[in-house]
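In what follows, a structure is listed as structure tokens, so that the remarks can point back to it.
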Amino acid sequence: MAARPRLWARASSAVPLQDHMLFVGTLLGVGEAEVDQKCLNVENLVIGRGPETEIVDKKCSRHQVQLTADCNKGYVKVKQIGSNPTSVDSVDIGKNQEVKLKPGETLHMVNNLYPYMVEFLEGTSAAFLKKGEEKKSCNKRPSESGDGPKKCGRMDTETSVSSSKTSKNTEPTTSEKPNHVPEVKNQGHWSQGLKVSMQDPTMQVFKDDKLVVIKDKYPKARHHWLVLPWESISSLKALRVEHLELLQHMHSVGEKMIQEHTKLSNTKFRLGYHAIPSMSHVHLHVISQDFDSQCLKNKKHWNSFTTDYFLQSEDVIEMVKLNGRVTVKNGVSELLKSPLQCHVCKQPQSTIPQLKEHLRKHWAQ
DNA sequence: GTTCTAGAAC
DNA sequence: GTTCTAGAAC
């Protein structure tokens, strides 16, 4: 094991690196000759049952998954090679199929066992796969006893950094931190920014034991809030029936925000989710329909809030009720390229500046 | 997600 | 010439 800690230490001395981490990306400034071939294959790392993972379960193939890190895009492509199911956020990949594993999502190597998460190191081209904890009986939802947010035995950053059973080479860790969910440090990639913002008291405009509301850092309208659950839910894909109550609560808190901030006005709002959000961690947009904002700059911004790319909160809740999960239509990303059109009068607009000028007409009404 | 900028569109 | 978009880089 000696070679790996030495390598990791050079990757970033700021992060307490330890056993049970597998390197997946390309490292700047470290010669490949120094690299332990068992844990690193720059482009295609194939792992499964074996010493790297310490998995001995025969259900897991020696070549269970093939991993390819894309550090710029912030995900690791996971291809299931073995016959038994590998899953990402409880969705089976399928033999010879490939899915993206993003930070915050959990990869189960086989049969919903042997969890891993990916972490990127900022400023490097390095991605690490970190071993998680097996599922505990701990409920996913925070305690109902009303004594505030609690961390349960899930694999979030704090857990993964501080709780390795066999950790021997770690520097003093930060395990004595407040009992908050989820603790976020060294998330690295920009797509993890919401997890940092939601923890920042200066960003929070409301919170209770289930969720927090923050102002969007780059609001696309006069009023634009994000409602985020404390529970680490990476995306819509991970939503299940057990989240229904939470989704409804998020919706009603969103409505409360609207009431409280627009008491005397008849400002229109919509509450909903982006079909394929750029940022990790489920977040409900609560946005006024004036779209009067300098941060609204391009077609993608516009279409993400005014086409069916924007999934209404009620529809998402209904979908989870009926189907037990949220499905997003194939090709929904194409909607972001739709021709510009006023969301009020449907009049086509040729450019963003023209659209923004046109929108002024509707403000007075 | 944003920023930057080359080059398309005007 | 300027405006605007879209894709790469972060």
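Bear in mind that the values here come from a model prediction, so they are computed numbers and not experimental data. No hydrogens, no waters, no symmetry mates; every other heavy atom, side chains included, goes into these values. We name chains A, B, ... by the order of the sequence lines, and we start the count at 1 in each one.
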- line: Rounded to whole Å, NZ of A:K217 lies from P of B:dT3 at a distance of 10 Å

- prompt: Does A:K337 make a side-chain N or O approach to OP1 or OP2 of C:dT5 shorter than 4.0 Å?
  reply: no

Atom pair CD (A:Q349) and CG (A:L359), whose distance is rounded to the nearest 0.5 Å: 7.5 Å

statement: Atom NZ of A:K356 and atom P of C:dC4 are separated, to the nearest Å, by 11 Å

message: For A:T306 and A:Q341, which I'm curious about, is there any donor-acceptor pair between the side chains at under 3.5 Å?
response: no

message: Please classify the nucleic acid contact of A:S191 as base, sugar-phosphate, or nothing, using heavy-atom distances under 4.0 Å.
response: nothing

task: Determine: side-chain N/O of A:H301 to OP1/OP2 of B:dT2, distance under 4.0 Å, yes or no.
output: yes

message: Does the structure show A:W190 stacking with B:dG1, if we require the centres to be closer than 5.5 Å and the planes to be within less than 30 degrees of parallel?
response: yes

field: Residue pair A:D89, A:S234: steps toward the side-chain hydrogen bond (donor to acceptor under 3.5 Å, both in side chains) verdict
entry: CA-CA 8 Å; A:D89 272 4; A:S234 60; 2.4 Å; yes

statement: To the nearest angstrom, the CD-C1' distance between A:E357 and C:dC4 comes to 16 Å

message: As a test of reading the structure: which of B:dT3, B:dG1, C:dT5 is closest to the side chain of A:T351, going by heavy atoms?
response: C:dT5

query: NZ of A:K299 versus C1' of C:dG7: gap in Å, rounded?
result: 14 Å

field: A:D70 CG - C:dC10 C1' separation (whole Å)
entry: 13 Å

query: If only side-chain N and O atoms of A:K73 are considered, is one of them under 4.0 Å from the OP1 or OP2 phosphate oxygen of C:dG7?
result: no

task: Ignoring the backbone of A:K297, work out which of C:dT5, B:dT3, B:dG1 is nearest its side chain.
output: B:dT3

message: Measure CE/A:M198 against C1'/B:dG1 and give the value in whole Å, please.
response: 17 Å

query: With a non-hydrogen cut-off below 4.0 angstrom, is A:I352 in contact with a base, only sugar-phosphate, or nothing?
result: sugar-phosphate

- request: Calculate the interatomic distance between A:W302 atom CH2 and C:dC4 atom P; express it in whole Å.
  value: 17 Å

statement: Output for pair (A:Q204 CD, A:L211 CG), nearest 0.5 Å, gives 11.0 Å

query: Whole-Å distance between B:dG1 C1' and A:K102 NZ?
result: 12 Å

message: Strictly below 4.0 Å, N to O, side chains only: are A:K210 and A:E245 in salt-bridge contact?
response: no

query: Looking at A:H189, does any N or O in its side chain come under 4.0 Å of the phosphate oxygens OP1/OP2 on B:dG1?
result: no

query: Under 4.0 angstrom, heavy atoms only, what part of the nucleic acid is A:K300 near: base, sugar-phosphate, or nothing?
result: nothing

